[in-house]
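Here is the structure we will look at.
For reference, positions follow the sequence shown, starting with 1.
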Amino acid sequence: MRVDGRERLRSVAGGFIGILITGLVSRGAGSTGAAAWLVAPMGASAVLVFAVPASPLAQPWSVVGGNTLSALVGAACAMAIPDPAWAGAAAVALAIGLMFQLRCLHPPGGAAALLCALGGVGLKFALFPVALNAVLLALAGVAYNRLAGRRYPHTGAAPAPAAGSRFSAADLDAALAHYNQVLDVSRDDLGELLEHAEAAAYERRFGELRCADVMTRKPLAVQSGTLLQQAWDLMLARQVKALPVIDPSRRVVGIVTRADFLRHAGLPRREGLADRLRALLRPSGLPHADKPEVVGQIMTRAVRVASAGRRVSELVPVFSDDGHHHIPVIDKDRRLVGVITQSDFVRALYRAAAPG
C-alpha cells in the first residue's frame, strides 16, 4: 500500500489519540476491582479506524458490532464448552458467521471472541470493557478523521459513469460476483478507483500521441493560382473535402473546401445549383473576369494549423467545438508536412482507447 508521509503521520497520531482517549475514559468508568479496562483487540481496531478509515471493515458499526457481538459469542462459548481449545475455535467461527450475517465484519472481532472464550469471562465482560472500548474508539475515530479532512464514517457515493467508460455498474457487479471474496474496499470506491485508473490510462496513452503520429503525410495541396476546375477535379478524384493552399515554399496561406466552392456558386439558392457550380468552374478566358477564376479568390485565408510536435489531445476542442474537419500540419519552418482529418482524429481516439 502506497501512502504519503502526511497520511502516515495522521494514522500514527490518530492511533495514539484514539487509544489514549479510549483507555483514559474506560479506566475512569471502571470499578477499582475491574480485571481489565482496555482490551488488546482495540489496538487492531485502531489500525483500521485510523490507518484505513475508508475500509468497510473499519466503519463504526463494524467496530462496535464486530467487537461487542464477538465478545458475547466468546463468553457464551466459554460457559457452554469446557475445553478451551474447542471453545476458542467455536467462538471464532460463530463470531465470523454472525458478523457476516449482521454486516459488521471486523477482524479484531475474532480476537475479541477468542479472548473471551479462553479467558472464561462472563457476559458482563462483553459490555465492559469491550463494548465501552469499541464505542469510545469509534467516536474518537469519527472526531479525529473528520478533523483530519477524511470522510468517516465512509459512505461511498456511487460514481457517475464516465463518458466513454468501457464498463458499467452491471459489469462491476458481475466481476465481483465472479471474484466471490470479501474485499477490503467498498463496491462504490472500487468502481470509482477503476474509473480514475481508466481515465489516467487513457490520458497517458492519448496524451503521448503527437500530430506527426496520426497525420496523413504528403497531403494533396494546391497553390493560390490553381484554376478552380483543377482544384475541384482533384477533390473529386481523391475524394477529399479540403485542400491546403500553399505558396512556392510550401508555407500554408489558406485552405479551400467544398463549402467554399458551393458558397461562391450560391449555395442558399438550391435551384440550378449544379449549373451555377459548372459556371463557376468554367474559365472565362478573359484577362479580367468578374467571377472567381483561381483558388486564391475563394479560399479561406484564416486557416487553423497545428505543429507536427503538438499533442493530439489539444485538438479535441478544435474538432468538437470549432467545427473544423481538416487541420494542416506544419513543421518548424511552417511548411506543410501533413494534414489531420476527422477520420485521422477518430482513428487516434480508437487507438488510445484500445486495450493493450
Side-chain angles (χ1 to χ4, degrees), residues 1-26 38-74 91-92 94-116 126-127 129-159 172 176 179-194 196:
M1 179 184 296
R2 298 180 61 182
V3 181
D4 63 31
R6 286 185 297 179
E7 190 64 20
R8 293 178 187 177
L9 287 176
R10 289 194 192 101
S11 301
V12 171
F16 175 81
I17 294 171
I19 291 297
L20 179 63
I21 291 175
T22 301
L24 290 176
V25 176
S26 296
L38 185 64
V39 292
M42 293 304 117
S45 294
V47 173
L48 292 170
V49 171
F50 298 102
V52 283
S55 169
L57 308 181
Q59 302 312 299
W61 168 236
S62 296
V63 175
V64 177
N67 279 309
T68 304
L69 295 173
S70 296
L72 288 171
V73 169
V92 172
L94 291 173
I96 292 174
L98 185 61
M99 286 188 289
F100 263 123
Q101 188 66 27
L102 298 180
R103 298 180 180 275
C104 58
L105 190 64
H106 188 62
L114 188 60
L115 173 66
C116 292
L127 301 178
V130 177
L132 180 61
N133 286 175
V135 170
L136 291 172
L137 187 66
L139 291 175
V142 170
Y144 180 82
N145 282 313
R146 289 187 177 180
L147 287 174
R150 295 160 158 179
R151 188 173 52 179
Y152 186 85
H154 187 85
T155 54
L172 180 59
L176 291 173
Y179 187 72
N180 197 30
Q181 293 187 41
V182 177
L183 291 176
D184 194 11
V185 61
S186 71
R187 174 200 172 281
D188 294 331
D189 284 344
L190 179 61
E192 191 172 3
L193 285 171
L194 291 175
H196 286 305

Q: Compare every heavy atom of A91 with every heavy atom of V73, then report the nearest pair and how far apart it is.
A: CG1-O, 3.6 Å

Q.
Can you give me the closest heavy-atom contact between Y152 and Q59, atom names plus distance?
A. OH-C, 3.7 Å

Q) At what distance, to the nearest 0.5 angstrom, does CG of L102 lie from OG of S62? A) 11.0 Å

Q: For V64 and A138, work out which heavy atoms get closest and say how close.
A: CG2-CB, 4.0 Å

**Q.** Between CG on residue L38 and CD1 on residue I19, distance to nearest 0.5 Å
**A.** 6.0 Å

Q | Closest non-hydrogen atom pair between A46 and L137, with its separation | A | N-CD2, 3.7 Å

**Q.** Which residues share a side chain to side chain donor-acceptor pair (under 3.5 Å) with R150, sequence neighbours left out
**A.** E7, S11, N145

Q | Note, R10 side chain near F50 side chain (heavy atom, < 4.5 Å) | A | no

**Q.** Pairs meeting criterion side chain to side chain donor-acceptor pair (under 3.5 Å) with involvement of residues 132-142, two or more places apart
**A.** S26-N133

Q: Determine, stepwise, if the pair I21 / L136 fulfils side-chain contact (heavy atoms from CB on, under 4.5 Å).
A: CA-CA 8 Å; I21 291 175; L136 291 172; 5.6 Å; no

Q: For S45, check side chain to side chain donor-acceptor pair (under 3.5 Å) against everything at least two apart and list the hits.
A: N67, H106

Q: Working to the nearest 0.5 Å, report the span between CG of L127 and OG1 of T68.
A: 7.5 Å

Q | Note, V142 side chain near P153 side chain (heavy atom, < 4.5 Å) | A | yes

Q.
For a 4.5 angstrom cut-off between non-hydrogen side-chain atoms, does P108 reach L48?
A. yes

**Q.** From M99 atom CE to L94 atom CG, the distance as rounded to the nearest 0.5 Å
**A.** 10.5 Å

Q: For residues P53 and H154, determine if any side-chain heavy atom of one lies less than 4.5 Å from a side-chain heavy atom of the other.
A: no

